[in-house]
Amino acid sequence: MTFQPPVRDYQFLLRDVLQLERYANLPAFADASMDTVDQILEEAGRFTGEVLAPINGAGDKEGCVWSPDFTVKTPTGFKEAYAQLVEAGWPALGADPNYGGQGLPHVVNLAFSEMSSAANMAFSMYPGLTHGAYSAIHVGGTPEQKQLYLPKLASGQWAGTMNLTEPHCGTDLGLLRTKAVPQADGTYRISGQKIWISGGEQDLTENIVHLVLARIEGAPAGVRGISLFIVPKYIPDADGNPGERNSVKCLGLEEKMGIHGNATCVISHEEATGWLIGEENRGLPIMFVMMNEARIGVGMQGIAQAEAAYQAAAAFAKDRLQGRSLTGPKNPDGPADPIIVHPDVRRMLMDARAIIEGGRAFLFWTALHGDLAHASPDEAVQQKGRDYMALMTPVLKAFLTDRGFKVCSDAMQVHGGSGFTEHFPVSQYLRDVRIALIYEGTNGVQALDLVGRKLAADGGRAVMSFFAELDGFIEANEGDEGLKPFLTGLAKAKAELQEATMWLMQNGLANPDNAGAASTDYLHLFGLTGLAYMWTLMAQAAQAKIAAGETDPLYQQKVTVGRYYIERILPETSAHLAKLKTGSELMMALPAEAF
C-alpha cells in the first residue's frame, strides 16, 4: 500500500475543533476561509500522495551520492519532484506576501508539512530547513538582506541550511571554534568545519544559503560571543543572481541509519565570505528562531512517520491471515482470520491512533496560538500565544518523537517477521524517525529546557495560564454528561501535573540534580496531559456534530478513540509522577567508574 494523506482529519481539526473561521476578521486569516483551506488540503494530499510518496522507498535504497568535486546527487526522482514543488508554490504557503509568499497561517502550512513528511521525510527536510532559514533572516536580517534572500528562499528557488554543530561540540554551542574575521568591505572571512548539516549540498536548487554560527576575533568566550552569518554557496551578483562560487565545500556525507535521501554533510568553510545577521555576539537569539521552528517541525516528523507506519500496519493487519479469533471464526470460509481480530493487534493499532490524532491536535492547537501571537490585535492574546509557543515547544518535540518512534516500533511488531525485512515499508519509517529523538536538541535536553527555563520564565506565567485554561474548561463543561469521562481523566492528569510542578519548585532549587532526574518524567506527564485536553476538545466537537445529525463515521470514531486514550494511555501520568518524586539520589548514587 502507499501512503494516503489523512486530509479528512486535518479538515476536522481546522474546521470543527480549532474553528479557524472564528479568526476571519483578522488580516492574517483573511485568505484562510475553510473553502480555500479545503482546496489546499485536497491538492496537498494529491501532490504528497502521488508525487512524493512513490519515490520514498527508492530514495531510501539509493541514497545520496558524493563526488570528489564536492557535489552531491540526490536520489532519482528527487530533482523532478522538487521542481514540481517549487512550480506549484508549496514552499511559499506560509511566507510573507511582501517577499513573494502566500501569507497563510502557519497552522495551515503545518498540515502540508506533515503530509509531505509522512510521504517522504528525507525529501521534505530540504524545503523544511529552507523555511527555517527564511524565518531567521526575516527576523534578524537587514532590509537589504531580506530583499535579496527572502523571495528566493520563500519560493524554494534557493535552499537554506543551519550550520551549528562542530566535530567537538553539539548542544554546548559555547565551545564552537569556527571564526569570523572582519574585512574592510563589511564582510567577514568565515573559517571552520561544521558536521551533520542536513541539505548542506544537493542538486535541487541553484543556490544554498548557509546560516553559520561563528565567533568574531576577540569576542567573549562561551555563548555570549557567538554571531550569525549568511554564507551563500554562490555569492549573489549585482542583480541578485548566483555569481562567484564561495569557498564552502561538502567534504563528504554521513553513513546514516535512516533519512538516506537527505544529504547529511560535512561542510568546510575555508575563509568563505559571510555577512553578519543582526548584531555582533548576538547570533544565538536569531538562530533560535530557526531552531524553535525546527523543533516544532521535528515533533511533527514524529507524528508524520507514525501516521505512515500506522497506515501500513493497519493494511497489513486486515490482509494477513493467522490464527482464529478468540470469540469464534470471523473469516469462516478462509483458512484463518485476519490478525486484526486479535485484541493485542488492536491494542497496538488503537495506541497508534490515540497518539497520532491527539498529538496532531496538540501540534495544530499550539501552532494556532503561534499565529495569534503575531496576528491578534489583543495584547493578552499575543502574550498567551508567545507563552504557549515557548512552553509547548520542548514538549511537542520530545514527547511526540518518543511516542512516534513507539508507534513505528509497534507498527513493525504488527507486521511480525515481515516488518523486519526491507520488503515492507515499515522498517524505513522506524529507521527514518529515530533521528527525530536526537537532532535539534536531544529529547533529554528538551526536558531540561522545559524544567530549567520554560517553567520558571516570567514567574511561571505560561504554565499557570495553562492550568487556569484547563480549570476553566473543566468547570465550564462539568454539566456535559457526554464529556464526563474525558473531564474526569483530564482533571486527574492536570492535578498530577500541578503536583509535579510544585515538587519541582520545592526540590529542584534545593538540588538541581533533582530537577534533572525528574525532567523526562515531567515532560511526558505534561505531554500526556496536553493530549488529554486535545482529546476532550475533539470529543466535544465530535459529539456536537453527532447531536446535530451528522452521520460521518469519523465523529463516532473520534469519541471512541478518545475514550480509549483516556482509559488506556492517560493512566501513565500516575507512574511518571511517582517516578519523578523519587528524586536524584539513587540515580546519581553509583560512582562514574561503576558504569
Side-chain angles (χ1 to χ4, degrees), residues 6 8-10 12-13 16-17 302-303 306-318 325-327 330 338-365 399-400 402-411 413-414 470 473-474 477 480-494 496-497 524-547 550 552-576:
R8 183 67 188 90
D9 208 48
Y10 303 126
F12 169 69
L13 282 176
D16 302 325
V17 181
I303 292 299
E307 172 69 41
Y310 160 75
Q311 288 190 20
F316 184 89
K318 288 185 278 189
S325 167
L326 298 174
T327 54
K330 301 298 185 288
I339 62 171
I340 200 166
V341 304
H342 303 308
D344 197 58
V345 172
R346 290 292 187 100
R347 172 186 63 82
M348 291 184 280
L349 295 176
M350 287 292 282
D351 279 1
R353 286 193 60 169
I355 292 297
I356 293 165
E357 294 171 26
R360 177 180 293 131
F362 200 13
L363 278 164
F364 280 43
W365 176 84
F399 181 75
L400 297 185
D402 271 349
R403 299 306 289 242
F405 179 75
K406 174 67 162 57
V407 169
C408 291
S409 181
D410 281 349
Q413 193 74 12
V414 170
L470 297 185
F473 181 86
I474 292 166
N477 292 281
D480 187 332
E481 281 300 310
L483 273 189
K484 191 171 183 180
F486 293 90
L487 296 172
T488 300
L490 177 59
K492 180 175 182 291
K494 181 262 172 184
E496 289 175 323
L497 180 60
H524 278 261
L525 175 48
F526 206 124
L528 289 162
T529 304
L531 262 65
Y533 185 33
M534 295 304 109
W535 272 115
T536 307
L537 293 174
M538 287 191 283
Q540 183 183 50
Q543 288 175 349
K545 288 291 184 181
I546 293 168
E550 295 281 357
D552 186 336
L554 175 136
Y555 299 121
Q556 186 54 55
Q557 289 177 22
K558 290 293 178 188
V559 176
T560 301
V561 178
R563 284 286 301 273
Y564 180 92
Y565 176 83
I566 296 294
E567 294 178 17
R568 292 276 309 190
I569 297 178
L570 188 59
E572 293 173 21
T573 55
S574 299
H576 286 298

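In this chain, residues are counted from 1 in sequence order.
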Problem - Verdict with supporting geometry, Tyr555 and Asp16, side chain to side chain contact (heavy atoms under 4.5 Å, CB included) - result: CA-CA 10 Å; Tyr555 299 121; Asp16 302 325; 3.5 Å; yes
Practice task
Could you check Arg360 against Asp9 for salt bridge (charged side-chain N to carboxylate O under 4.0 Å, His left out), going step by step and ending with a plain yes or no?
Solution key: CA-CA 9 Å; Arg360 177 180 293 131; Asp9 208 48; 2.6 Å; yes
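In this structure, the separation between CZ on Phe405 and CG on Asp410 is 10.5 Å, given to the nearest 0.5 Å. Note that CG of Asn477 and CG of Leu537 are 9.0 Å apart. Values are rounded to the nearest 0.5 Å. How far NZ of Lys558 is from CD1 of Ile546: 12.0 Å, rounded to the nearest 0.5 Å. Atom CG of Asp351 is separated from atom OH of Tyr310 by 11.5 Å, given to the nearest 0.5 angstrom. In this structure, the separation between CD1 on Ile355 and CD on Glu307 is 13.5 Å, given to the nearest 0.5 Å. One distance of note links CE of Met350 with CD1 of Ile569; it measures 8.5 Å at 0.5 Å rounding.
When each of Gln557, Gln556, Arg563 is paired with Thr560, the side chain to side chain contact (heavy atoms under 4.5 Å, CB included) condition holds for Gln556 and for no other.
At a threshold of 4.5 Å between non-hydrogen side-chain atoms, the residues Leu470 and Thr529 count as touching. Side-chain contact check for Phe486 versus Gln540: every heavy-atom pair is 4.5 Å or farther apart. Considering only heavy atoms from C-beta on, Ile566 stays 4.5 Å or farther from Thr488 through its side chain. Side-chain contact between Arg347 and Tyr564: present, with at least one pair of heavy atoms (C-beta onward) separated by less than 4.5 Å. Counting heavy atoms from C-beta outward, Pro6 and Glu357 have side chains that stay 4.5 Å or more apart.
Between Tyr533 and Trp365, the two ring planes are perpendicular [angle over 60°; tilted spans 30° to 60°]. In this pair, His524 and Phe399 present their aromatic rings perpendicular. The plane angle is above 60°, beyond the 30 to 60° band.
A salt bridge between Asp552 and Lys545 is absent, with no side-chain N of the basic residue lying under 4.0 Å from a carboxylate O of the acidic one. Note on Lys406 versus Asp402: no salt bridge recorded, every NZ/NE/NH1/NH2 to OD/OE distance being 4.0 Å or above.
Side chain of Thr536 to backbone of Ala532: a donor-acceptor contact under 3.5 angstrom is found. Listed for the Asp480 side chain is a donor-acceptor partner under 3.5 Å among the backbone atoms of Leu483. Looking only at distances, a side-chain donor or acceptor of Tyr565 sits under 3.5 Å from a matching main-chain atom of Leu528.
For the residue pair Leu531 and Ala354, the shortest heavy atom distance occurs at CD2-O, 4.2 Å. The shortest heavy-atom contact between Leu490 and Leu570 is N-CD2, 4.3 Å. The two residues Leu349 and Ala314 make their nearest non-hydrogen contact at CD2-N, 3.9 Å. Here the closest heavy-atom approach between residue Trp535 and residue Gly358 is recorded as NE1-CA, 3.5 Å. Taking all atoms of both residues into account, the shortest heavy-atom contact from Ala313 to Val414 is O-CG1, 3.7 Å. Listed here is the closest heavy atom pair of Leu13 and Ala361: CD2-CB, 3.7 Å.
In this structure Arg346 satisfies the salt bridge (charged side-chain N to carboxylate O under 4.0 Å, His left out) test with no other residue, sequence neighbours excluded. Arg403 meets the salt bridge (charged side-chain N to carboxylate O under 4.0 Å, His left out) test with Glu572; sequence neighbours excluded.
Annotation for Arg8: atom CZ counts as buried by contact number, over 12 foreign heavy atoms lying within 6.0 Å. Other residues, nucleotides and ligands contribute more than 12 heavy atoms inside 6.0 Å of the NZ atom of Lys330.
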